[in-house]
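One structure below.
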Amino acid sequence: MTDKNSTAPAIAVEDLWQVFGENAAPALRDARGAGDDKAIAKELKDKTLIPAVRAANFEVKSGELFVIMGLSGSGKSTLIRCISRLIEPTAGSVRIDGEDILQASDKRLIDLRRHKLGMVFQHFGLFPHMTVADNVAFPLKMQGAGKAERRARALEVLELVGLKGREDTYPRNLSGGQRQRVGIARSLAVNPDIWFLDEPFSALDPLIRRQLQDEFLNIQATLKKSIVFITHDIQEALKLADRIAIMRDGEIVQIGTPEEIVLHPVDDYVAEFSKDVPKGRHACVESILMDGIPDNMPDDPGIKVGMTLDTALTKCMELYEPVPVRDAAGKVIGAVHPHELANALQAEET
Amino acid sequence: MSAAEAVPANAGRKLALARGSQAALFVLAIALVCRLLGAQFEWLMKWPAALTVPMTDWMTWLVGGFLDVFKPIARTFTFLVSYPMEGVGWLLNALPWPMTVALVTALGWTIGGLRMAALGFFGLMFVVFSGYWTEGMNTLALVAVSVPLALLLGTAIGIAAFEFPRVKGAVNALLDVMQTVPTFAYLTPLLVLFGFGPVVGLIASAIYAAPPMARNVLLGLERVDTEIREAAVMSGGTRRQQLFLVELPAATQQIMIGVNQCLMAALSMVIIAAVIGGFQDIGWEVLLTMRKALFGQAFLAGSVIVVFAIIIDRMSAALAEPRPQQDRKVAFGILGAGLLVTLWSVFAGWSPSGFAALDGVAAWVDTGVGTFTGNHGATLDTVKNTSMFYGLLPLRIGLAEAVLPFTWGFMWTAKHTAMLYGVAAVISLILMLKGRVTAGLVVMILAYVAEIGIAHLAWPVVIFGAGAIGWVAGGWKLARLAVILLGLVLISGLWERALLSLYLSGAAVFACAIVGGALGLWSAMSSTAWAIIRPICDLLQTIPLFVFLIPVLMFFQIGEFSAFLAICMYAVVPMIRYTRHGLTSTPDEILEAATASGAGKWQTMFEVRAPFAAPTILLGLNQTVLYAFAMLVIAALIGTTGLGQSIYLALGQADVGLGITAGAAMAILALVADRLVQGFAEERRQALGL
């Protein structure tokens with residue numbers, strides 16, 4: 001899914017800080033002298049300020065689905081609000097298609113939001129006094145589009161999210177899943193290039209959540225937006241993301257593809273997240289190599305370094321003796337016992 | 001329960017007295033000093049006249065000058081506003097009543113279907129038959145012009161407070177003042193400013209009705225979901241688009257509650273403003289007939305006001321509820337029928353100002369009341385005298401003066417004083433031995449109050465007593481506020497009148513707390529009781545203040561007891577409501593936990609529900625206090641002494657200085673009482689983690 005060929009990043013975030021409290025900006029400037037980011041954060045905390053986002057640095061490539069994941073209170077919602085400038089960051093820069101939006105005037109910002117940005121909210125943020133169609137068409141109304149045009153486009157987007165025929169009901173008459181479809185439709189109405197989604201599926205039942213995730217992937221496959229997606233659910237992150245940024249206490253601790261996050265967690269915190277993940281899909285055979293290599297291995301099903309446990313297990317379903325593990329060059333570097341393989345998977349599933 | 005058990009616990013506590021005990025000890029010490037040395041040092045009992053600041057004169061000078069400057073502008077405004085007012089008045093009067101009835105009925109149908117239509121129809125038909133159609137329409141004309149003004153003003157203030165956080169604090173303080181300053185106190189400066197006439201009532205009601213609107217607009221805007229707000233931002237709306245297309249519409253429900261309160265406040269104030277006279281409106285009619293002791297007529301006119309209040313209240317309240325769309329054709333049908341009847345009435349030569357068909361009822365009420373008071377005069381007098389001699393009077397001037405041979409049957413002597421303090425000391429000692437030090441100390445203070453009476457309390461006791469309560473309820477800040485504000489009243493020379501007001505409202509609040517609390521408890525325990533009490537509460541809260549005076553006067557004539565009753569009738573409602581609401585709104589889980597622990601119905605009530613309800617009940621008490629002060633001023637019309645009377649007198653003489661200082665003193669009393677009770681409510685809420 002990762003599109004490596006794209007050129008300039010759609011979003012570039014550099015050294016972004018969001019500090020809550022009185023006189024945050026000067027306090028942050030003063031604290032800069034303290035040294036590294038941790039020391040700065042500590043100094044701010046000592047002044048009873050809250051560094052909600054600390055020195056965030058990342059890029060979202062054009063057409064990339066970038067997921068920011070962390071526990072509640074880790075600053076992910078604050079971060080997305082900084083990028084969309086719903087709140088004013090304390091320091092740093094956010095470039096969208098090369099334009100620093102923190103320097104943008106109010107007028108320019110309104111213009112950007114009318115044409116380029118779309119956002120979906122956790123609790124939907126639907127306007128209770130408007131029909132579904134009016135909700136969806138609201139950004140178009142802000143653009144100054146005519147009534148007929150708005151209606152036509154609203155119906156078009158509503159069909160995309162599978163809400164055809166519900167356009168004249170009010171949000172209060174819809175179920176949670178349907179409401180979020182309206183939220184998604186509204187954010188897509190102006191056909192934005194950049195799409196922000198703030199925990200869009202967190203308030204939904206697990207079943208509806210999975211259904212919407214799949215539909216979301218379908219929509220993204222055709223629309224190819226540049227996406228910042230917030231979630232606290234590692235499963236969701238792994239399922240959807242091209243790349244994941246993991247946040248803790250306002251800090252981004254690791255950025256990587258889902259594989260990298262599961263297989264090479266930078267610290268215990270990240271490892272803790274992936275603990276409950278069925279590793280069969282992400283962990284590889286190296287993690288359960290036997291001590292030493294047995295002399296006699298009758299079977300060789302062709303297990304290679306970097307193979308996931310799931311794949312390895314299907315290859316040695318019928319085997320009971322240890323099998324060799326070879327590197328890319330075909331050299332035997334170790335062995336696994338099929339029994340261990342099965343055990344490892346079972347343990348992870350529970 | 002033996003003393004031996006209690007003493008160690010007590011001894012442990014003595015080292016570190018609880019906050020309440022410290023405060024009570026402090027007040028008791030002051031009371032002791034004042035009681036013992038009051039005779040030698042007169043300044044302890046009475047603030048020396050030499051140290052009194054002539055605030056009333058200053059106010060006359062200051063505000064008088066201010067008013068002189070603004071008078072031309074105000075008079076121009078009067079001139080301008082008189083046109084729409086007269087226009088609307090002319091329209092309402094020129095419109096034949098069948099048409100007006102049809103319009104209101106059709107409106108009722110559109111808003112709330114058959115029920116509202118019936119309410120509108122029967123309500124207005126009553127007005128038609130009461131013979132007060134013209135007066136009623138004149139009152140409505142005032143409301144119709146003042147309400148849009150108030151709505152506009154309120155919305156603007158609400159939006160400004162929301163948009164500019166710096167303005168918010170100032171606006172909130174201003175709104176507090178606008179609502180605590182008694183209604184009559186507005187009228188005097190307005191009278192000077194805008195000149196004699198109905199415009200004063202109009203302006204006063206606009207000022208009085210704007211704050212509830214502003215508060216609800218602000219509250220509604222603040223309660224709009226953050227994500228809805230953000231969705232509007234991300235849709236690329238300008239600030240103005242966000243506000244008018246998203247935030248205000250999303251807050252509609254709360255704003256409609258504001259509209260309802262605004263309408264009711266405006267109506268209430270328009271009626272009160274009738275005391276100025278000069279306009280043929282229904283409030284004036286009530287006042288006039290009341291003064292002439294034509295109680296039947298007063299009752300009828302009062303009923304017209306109540307009918308208006310109910311129609312306006314229920315219809316505008318229905319607007320705030322989500323409601324189904326009604327069939328438009330029916331509304332047009334009603335209008336058509338109205339038109340036909342109008343045409344018919346023209347041919348038949350019906351009087352355009354309705355019929356006075358209910359004069360018989362008025363006469364009947366008059367004779368009925370006359371017969372009743374004639375037959376039961378002795379009983380009524382007994383009720384009145386008993387309450388006065390054994391309740392109100394001792395509270396006001398103390399047992400030492402109230403106990404006389406012709407009331408109590410004996411003369412109060414030093415021996416009785418000693419007995420009073422002796423009994424109090426014994427009770428106090430027992431309480432203290434049981435470890436309830438604060439309660440023990442309070443008993444001693446109460447004994448002092450009982451002997452001396454509220455009106456004769458030494459000023460240090462009142463001021464520092466309020467300060468001590470403030471300290472317990474909300475710390476030094478609240479204590480300072482109470483002492484400074486009451487100190488202002490003390491040096492203004494209005495102190496004695498303020499104490500009289502304090503006594504009457506205090507007595508009423510005390511009675512309301514007991515009666516209202518009991519009724520609230522009963523309503524919480526039995527749904528049948530609530531089914532009976534609720535509509536009465538609804539009715540009492542809809543009636544404009546003024547009307548409460550009529551039934552009281554009918555039976556008890558002019559006097560302090562009547563005022564007391566009128567205040568109680570009005571102020572008891574929030575106590576009932578909040579008590580019931582607090583007691584019934586305990587979360588289900590907590591109740592289930594209590595049941596699972598084996599608690600019975602009454603155990604649950606007192607051990608679980610009551611503590612949980614405490615903050616809510618305190619808020620109810622707070623409302624009761626404010627209601628009592630509001631009514632106190634109105635009750636001045638039927639004979640109270642104190643600040644209310646001063647305000648009323650000032651109005652009669654157009655004495656701006658007295659009107660404002662007395663009004664401010666009243667507002668200070670209300671404000672201090674309000675803050676003290678709220679402090680306790682807040683403390684309880686925090687203790688419960690709510």
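When reading the values below, keep in mind they use all heavy atoms of this one structure, side chains included, and skip hydrogens, waters and symmetry mates.
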Which atom pair, heavy atoms only, marks the closest approach of A/Q122 to B/E227?
N-OE2, 3.2 Å
So for A/H129, is it side chain, backbone, both, or neither that comes closer than 4.5 Å to the heavy atoms of chain B?
side chain
Given a strict heavy-atom distance threshold of 4.5 Å, which part of A/R81 is in contact with chain B: side chain, backbone, both, or neither?
side chain
Decide if atom NZ of A/K116 counts as having more than 12 heavy atoms of other residues, nucleotides or ligands within a radius under 6.0 Å.
yes
Please evaluate residues A/F127 and B/L245 with respect to the criterion side-chain contact (heavy atoms from CB on, under 4.5 Å), reporting the C-alpha separation (whole Å), side-chain torsions for both, the decisive distance (0.1 Å), and the verdict.
CA-CA 10 Å; A/F127 308 129; B/L245 292 179; over 6 Å; no
Sorted by number, residues from residues 232-244 of chain B in contact with chain A (heavy atoms, under 4.5 Å):
B/A232, B/V233, B/M234, B/S235, B/G236, B/G237, B/T238, B/Q241
Option that, when pairs with chain B are counted at under 4.5 Å, heavy atom only, ranks first among A/G118, A/P139, A/S84:
A/P139
Check whether more than 12 heavy atoms from other residues, nucleotides or ligands sit under 6.0 Å from atom CZ of A/F20, and answer yes or no.
yes
Using heavy-atom distances under 4.5 Å, tell me whether A/F196 contacts chain B through its side chain, its backbone, both, or neither.
side chain
For atom CZ of B/R229, is the number of surrounding heavy atoms from other residues, nucleotides or ligands below 6.0 Å larger than 12?
yes
Chain B contact via A/L126 - which portion, at a heavy-atom distance below 4.5 Å:
backbone
Taking C-beta and beyond as the side chain, do A/P128 and B/I228 meet within less than 4.5 Å on heavy atoms?
yes
Around atom NE2 of A/H115, are there more than 12 heavy atoms of other residues, nucleotides or ligands at under 6.0 Å?
yes
